[in-house]
K.L.:
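Handing you a structure now.
So you know, we letter chains A, B, ... as the sequences are listed, proteins then strands, and number each from 1.
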Protein chains: 2
Amino acid sequence: MPKTEHSHHPAFDRKLALILRYAARVFSEKGFEGASVRDISRASGVSLSGLYYYFESKQKLLYLIQLYAFSNIVRRLEERLAAVTDPVVRVRILVRNHLDYFLHHPAEMKVLSHEADELEGRFRREIAEIKKRYYSLALGIFEDLRSSGAVRRMNPRVAVLSLFGMMNWIYTWYNPKVDPSPEAIADTMAGIFLEGVANGHRPLRVSNGRANRVAHSTRREPEFAVRAAS
Amino acid sequence: MPKTEHSHHPAFDRKLALILRYAARVFSEKGFEGASVRDISRASGVSLSGLYYYFESKQKLLYLIQLYAFSNIVRRLEERLAAVTDPVVRVRILVRNHLDYFLHHPAEMKVLSHEADELEGRFRREIAEIKKRYYSLALGIFEDLRSSGAVRRMNPRVAVLSLFGMMNWIYTWYNPKVDPSPEAIADTMAGIFLEGVANGHRPLRVSNGRANRVAHSTRREPEFAVRAAS
DNA sequence: TACATTTTCGAACGAACGTTCGACTCAGGC
DNA sequence: GCCTGAGTCGAACGTTCGTTCGAAAATGTA
């Protein structure tokens with residue numbers, strides 16, 4: 001019984017993950033509507049009808065790609081935030097985590113950013129829920145930053161969505177041959193955002209030192225290692 | 001002789017402009033690939049084959065939408081910049097102009113931001129050229145700002161593209177029922193960017209617009225004189 | 001009126017689309 | 001040897017796609 005939700009042989013899951021990687025690449029190159037299942041067949045080497053043994057529709061394929069990518073980003077972020085309370089550092093971790101994943105998974109990044117509106121029905125609702133959780137997490141961090149007295153008067157929704165705009169738009173221009181490293185870009189964007197929302201009453205480039213000794217240095221957090229996909 | 005490049009009866013141009021508006025709306029709702037010419041036929045009330053009297057291909061339709069929208073944005077910007085030399089004010093004008101057009105033309109905004117990669121061949125090259133001119137203009141303003149000594153060390157490409165990210169990503173979240181006015185959002189984003197790139201050695205909060213030194217005769221040839229739609 | 005030009009559209013074209021179906025191969029367990 | 005289920009695929013289904021074409025309608029000109 002294939003195509004059910006859980007409990008396949010490991011070989012099944014492994015091949016599905018392989019297909020998802022090829023599909024993400026095809027979707028990122030031709031767009032979800034512009035890419036055909038035949039394109040994915042050609043790219044993955046699996047026959048057209050053979051693909052449907054692993055997923056039941058093109059929509060589900062997109063759903064799975066977005067689900068896995070989003071889940072990875074949110075899970076990693078929550079892990080990295082667990083030990084940090086300083087809102088300034090938490091913002092830096094958010095930006096770093098986001099761009100770290102994006103720039104090391106360019107195909108998934110583009111599918112997440114560019115094909116966010118293609119899902120329908122249940123698939124759409126589930127992805128929207130994860131996305132909202134992610135946004136709320138970021139908004140909470142920003143509100144903490146504001147509570148600490150370091151942010152000037154501004155609409156928090158506009159501020160946080162501006163930050164996401166900076167980070168997500170990168171799929172349209174990032175070129176590893178020309179642009180700085182993911183870490184450097186993350187530092188630049190986090191700097192623009194943090195200084196950009198600051199009220200100038202206290203320095204924001206340094207942790208404001210609450211009951212929190214983690215990551216007292218603003219510059220080099222321990223390197224965020226990226227594991228292989230899946 | 002229809003469908004040639006120039007010199008039609010005014011009625012032809014008027015109806016083409018009408019079709020372009022309906023097409024922009026359809027493209028913004030279903031995406032370029034996801035929308036069919038039959039959808040545009042239904043939305044505009046013109047028969048399927050009747051549409052092809054006004055444009056020769058679906059690609060050309062997208063090209064015309066992007067060309068007119070981009071030309072308008074760049075032309076308006078150059079007009080508004082002509083009398084201003086202060087780099088800080090010039091940045092504010094850039095942001096205001098961009099968001100002003102975007103938020104008052106939501107369909108065209110989404111087509112510009114989301115369907116930038118769908119054109120091919122000559123169409124693609126021509127739009128890319130306008131876009132590059134727009135980006136270079138923004139980069140020039142940023143370099144002026146930097147020359148004035150107000151910007152801290154950072155990669156100018158990353159900075160300017162971060163600003164465009166803030167502005168362009170808005171098509172994914174802007175809701176006129178919930179969000180502030182276009183002008184307020186523009187001020188917030190310009191503020192985040194200007195404070196965000198500042199080095200803190202001098203105040204960047206400058207009175208808006210007027211009472212500015214004029215000069216700097218950057219003459220503008222009206223090569224992109226496109227009629228204002230809407 | 002009669003003619004020429006501009007504008008419209010129904011019908012159809014071939015191509016490509018997502019998906020299905022039944023037959024096939026190939027293991028591993030009896 | 002035979003059975004079962006997982007995995008694979010060629011062929012085809014019905015639908016929709018962008019585009020074309022010739023003829024009809026509408027409009028302008030004398």
Side-chain angles (χ1 to χ4, degrees), chain A residues 1-20 22-24 26-27 29-65 115 118-124, chain B residues 1-20 22-24 26-27 29-65 115 118-124:
Chain A
M1 47 178 72
K3 291 200 219 174
T4 49
E5 292 291 334
H6 290 300
S7 74
H8 292 109
H9 294 106
F12 181 95
D13 295 329
R14 220 178 309 124
K15 184 148 187 182
L16 175 56
L18 187 81
I19 292 172
L20 289 180
Y22 281 112
V26 173
F27 285 159
E29 285 169 1
K30 317 184 79 166
F32 175 70
E33 296 271 7
S36 70
V37 183
R38 284 166 179 84
D39 290 329
I40 297 166
S41 163
R42 216 170 297 122
S44 65
V46 181
S47 74
L48 176 60
S49 50
L51 287 174
Y52 281 84
Y53 181 73
Y54 291 93
F55 55 86
E56 55 239 17
S57 70
K58 193 188 175 192
Q59 281 250 344
K60 174 119 187 191
L61 190 55
L62 176 60
Y63 163 77
L64 289 175
I65 293 171
E115 316 295 345
E118 300 285 354
L119 290 177
E120 294 167 357
R122 198 194 101 226
F123 295 152
R124 186 190 193 85
Chain B
M1 46 176 74
K3 290 200 223 174
T4 49
E5 291 291 333
H6 290 299
S7 74
H8 293 109
H9 295 111
F12 181 95
D13 294 329
R14 220 177 309 126
K15 184 148 186 182
L16 174 57
L18 187 82
I19 292 172
L20 289 179
Y22 280 112
V26 173
F27 285 158
E29 284 169 0
K30 317 183 79 167
F32 176 70
E33 297 271 8
S36 70
V37 182
R38 285 166 179 83
D39 290 329
I40 297 166
S41 163
R42 216 170 296 122
S44 65
V46 181
S47 74
L48 175 61
S49 50
L51 287 174
Y52 280 83
Y53 180 70
Y54 290 93
F55 55 87
E56 55 239 15
S57 72
K58 193 188 175 191
Q59 281 251 344
K60 174 119 187 192
L61 191 55
L62 176 61
Y63 164 77
L64 289 175
I65 293 171
E115 316 295 344
E118 301 284 353
L119 289 177
E120 294 168 357
R122 198 193 102 227
F123 295 152
R124 186 190 192 85

K.L.:
Can you tell me the distance, in whole Å, between the CG atom of A:Leu51 and the C1' atom of D:dA6?
P.N.:
16 Å

K.L.:
Would you please confirm or rule out a distance under 4.0 Å between OP1 or OP2 of D:dC9 and any side-chain N or O of A:Ser47?
P.N.:
yes

K.L.:
Take the protein atom CZ of A:Arg38 and the nucleotide atom P of D:dC17, then report the distance between them rounded to whole Å.
P.N.:
16 Å

K.L.:
For A:Glu120 and C:dG18, what is the distance between atoms CD and P respectively, to the nearest whole Å?
P.N.:
14 Å

K.L.:
For the pair made of CG in B:Leu16 and C1' in C:dT8, what is the distance, rounded to whole Å?
P.N.:
16 Å

K.L.:
Please determine, for the side chain of B:His9, which listed nucleotide (D:dA12, D:dG10, C:dT7) has the closest atom?
P.N.:
C:dT7

K.L.:
Regarding B:Ser36, tell me which of base, sugar-phosphate or nothing describes its non-hydrogen contacts under 4.0 Å with the strands shown.
P.N.:
sugar-phosphate

K.L.:
Could you give the NZ-to-P distance, from B:Lys15 to D:dA26, as a whole number of Å?
P.N.:
13 Å

K.L.:
Both A:Asp39 and A:Ser49 contact DNA chain C. Which one's nearest nucleotide lies toward the 5' end?
P.N.:
A:Asp39

K.L.:
Would you mind reading off the distance between B:Arg14 atom CZ and D:dT27 atom P, rounded to a whole angstrom?
P.N.:
14 Å

K.L.:
Measure the spacing between CD1 of B:Ile65 and CD of B:Glu115 and express it to the nearest 0.5 Å.
P.N.:
9.5 Å

K.L.:
When the distance from CZ of B:Phe32 to C1' of D:dG18 is rounded to whole Å, what number comes out?
P.N.:
10 Å

K.L.:
Closest nucleotide of DNA chain D for A:Leu48 versus for B:Ala35: which of these residues is on the 5' side?
P.N.:
A:Leu48

K.L.:
If the cut-off is 4.0 Å, is B:Lys58 near the phosphate of D:dC17, judged by side-chain N/O to OP1 or OP2?
P.N.:
no

K.L.:
If you check the B:Tyr52 side chain, which of D:dA6, D:dA12, D:dG18 turns out closest?
P.N.:
D:dG18

K.L.:
In terms of ring plane angle, is the pair B:Phe123 and B:Tyr63 parallel, tilted or perpendicular, where the classes change at 30° and 60°?
P.N.:
parallel

K.L.:
Taking OH from A:Tyr53 and C1' from C:dT25, how many angstroms apart are they, rounded to a whole number?
P.N.:
13 Å

K.L.:
Give me the atom names and distance for the closest heavy-atom approach of B:Tyr53 to B:Phe12.
P.N.:
O-CE1, 3.7 Å

K.L.:
When you measure from the side chain of B:Ser57, which nucleotide among C:dT7, D:dT19, D:dT8 comes out closest?
P.N.:
D:dT19

K.L.:
Restricting to non-hydrogen atoms, name the atom on B:Val46 and the atom on B:Ser41 that form the minimum distance, rounded to 0.1 Å.
P.N.:
O-OG, 2.6 Å

K.L.:
What's the closest nucleotide to the B:Val37 side chain, out of D:dT19, C:dT19, D:dA6?
P.N.:
D:dT19

K.L.:
Salt bridge between A:Glu56 and A:Lys60, side-chain N to carboxylate O under 4.0 Å?
P.N.:
yes

